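First the structure, in the form of structure tokens, and then the observations on it.
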Number of protein chains: 2
Amino acid sequence: MERKRADLIADAIEELILDGTFDDGDRLDEVQLAERFNVSRTPIREALQRLILSGLVEQLPRRGVFVRQPGPVELIEMFEVMAELEAVCARLAASRISDAALAQLRAINERCRTATEAQDADGNYDQNDLFHATLYAQTGNAFLEQECLRLQRRLRPFRRLQLRWRGRMAQSVAEHDAILAAIEAGDGDQAGNLLRQHVAVQGEKFHRLMSSLKPAAE
Amino acid sequence: MERKRADLIADAIEELILDGTFDDGDRLDEVQLAERFNVSRTPIREALQRLILSGLVEQLPRRGVFVRQPGPVELIEMFEVMAELEAVCARLAASRISDAALAQLRAINERCRTATEAQDADGNYDQNDLFHATLYAQTGNAFLEQECLRLQRRLRPFRRLQLRWRGRMAQSVAEHDAILAAIEAGDGDQAGNLLRQHVAVQGEKFHRLMSSLKPAAE
DNA sequence: AAATCCATTCTTGTATACAAAGAATTTGAC
DNA sequence: GTCAAATTCTTTGTATACAAGAATGGATTT
């Protein structure tokens, strides 16, 4: 249901940024991209606009658009917002979730557990995202759901990094268990606090990862 | 610091939508807009893209872009998210705010009170927005601040409506007082709950306004 | 030799021309 | 007279041409 060429290109460029083909600070040359995708500059410019609005790149007037990877500070901030948003989701979902959806969440977390035991990082990753997305849907607030999905998507590449932490996957599954228990008990505040911690720890781990890397770079 | 013509046009079109020149469901004709602003279709299309991304208009592929005012349900949802976001702001600000900023908030609320006593709805409205924006800035989280400002901006025209409620302005000032007291006491949870209620009541009042208008329209 | 100014060139921003996809209208057949 | 199909016409999406602003390089001057 993609709309037009420009949308496909936007996704493609986003992919190129996220997988490191374009690095932080790189200028995205319109004509280069145009010949790379075999289109004119027009759809390229439309695609870039989308990326500008999403915050992935920055535009300096009359200068061009530049890749703008969030710095450590901004990342911490984004993780904090994500943690708070998810806490809201958990609290709302605790009073609004259906039995069917609760069962579904349990099933997803079981697949998380299976993937963890099989040391399947990719499987764990996918099911983990699905777990959270399913929870968003159970807030009964479609707007909130969309906002959460937007931020989740933005943080995806960074979340992926911290999966490498030893024992993190198993810990994550256990935290999901606790969150589910709180939701099932209808304790929204407890569910919210648990989920906030669950997400915030990702930000902290990421922060420590960054700190351990930065000194070497500078 | 506007970037180019397209940005000015985007703001102008947004204004035209918000002030009712373009109604819900209207198609925004590129050529009409082009001659209205005395530019070619290119900057118009760029401007429309911005509005599409912001959610103010909707694009049907190969059909055009249409004004898409949020329905009652979506509005309720947006107010709920705003309330939760502001609650987070209050909670965070309670532990991070500076004395200077706290004094500033008090000053702003005093101007709110003055405006209220003078029956100055516009003044109250402006100071009220400033009060909330100042609070966002005190979360120490620039990303959160930006997200809040974005949503605040989106809800602005609807918030304005509920100012007409008799006694609402005075009530609002009183609620600000209570929120400030909680922040000053460092009670983040209390401040959050108060602010959530403070914003949520706007959504509810708006809902009731909509309900009282809709039956006549259908 | 260094700095500044001017010119050239490169890149973005805008206009226009072209193509393709829907929508609408008209014409033909039943 | 009505329904359907085809053609035309409108409108979006894309390409290209043009204009204006910024960067870079060289030359000249101090």
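Quick caveat, the model's predicted, so the values are computed rather than measured. In the text below, chain A, chain B and the rest are named by the order of the sequence lines, each starting its count at 1. Side chains are part of it too, since the values below use all heavy atoms of this structure and drop only hydrogens, waters and symmetry mates.
With the nearest nucleotide of DNA chain D identified for both A:S40 and A:R63, A:S40 has the one nearer the 5' end.
A salt bridge links B:R160 with B:D122: the closest approach of a Lys/Arg side-chain nitrogen to an acidic carboxylate oxygen falls below 4.0 angstrom. Note on B:R63 versus B:E58: no salt bridge recorded, every NZ/NE/NH1/NH2 to OD/OE distance being 4.0 Å or above.
For the 3.5 Å distance criterion, the side chains of A:Q146 and A:Y136 fail to qualify, holding no donor opposite an acceptor.
Base engagement by B:R45 is indicated by at least one non-hydrogen atom pair under 4.0 Å involving a base atom. Residue A:V31 is classed as having no contact, given no heavy-atom separation below 4.0 Å to the nucleic acid. Using a 4.0 Å heavy-atom distance criterion, B:Q59 is classed as a sugar-phosphate-only contact. Within 4.0 Å of A:R5, counting heavy atoms only, lie sugar-phosphate atoms of the nucleic acid but no base atom.
Whole-Å rounding puts the A:I52 CD1 to C:dT12 C1' distance at 12 Å. As a whole-Å value, the separation of B:R62 CZ from D:dT12 P is 10 Å. The CG atom of B:L48 sits 15 Å away from the P atom of D:dT11 (whole-angstrom rounding). Rounded to a whole Å, the CD1 atom of B:I44 is 15 Å from the P atom of D:dT11. The CG atom of B:L60 sits 10 Å away from the P atom of D:dG13 (whole-angstrom rounding). Taking atom CD of residue B:Q49 and atom P of nucleotide D:dG13, one finds them 9 Å apart after rounding to whole Å. Here the P atom of nucleotide C:dT11 and the CZ atom of A:F66 are 11 Å apart, to the nearest Å. Rounded to an integer number of Å, the gap from CG of A:L33 to P of D:dA15 is 14 Å.
At distances below 3.5 Å, not a single donor-acceptor pair connects side-chain atoms of A:R96 with backbone N or O atoms of A:N141.
Here B:R27 reaches the OP1 or OP2 of D:dT12: one of its side-chain N or O atoms lies under 4.0 Å away.
Taking both residues in full, the closest heavy atoms of A:M78 and A:L151 are given as O-CD2, 4.0 Å, listed atom of the first, atom of the second, then distance.
Of all nucleotides listed (C:dA15, D:dT11, D:dA15), D:dA15 comes nearest to the side chain of A:V39. The side chain of A:R41 lies closest to C:dG13, out of D:dT12, C:dG13, C:dT11.
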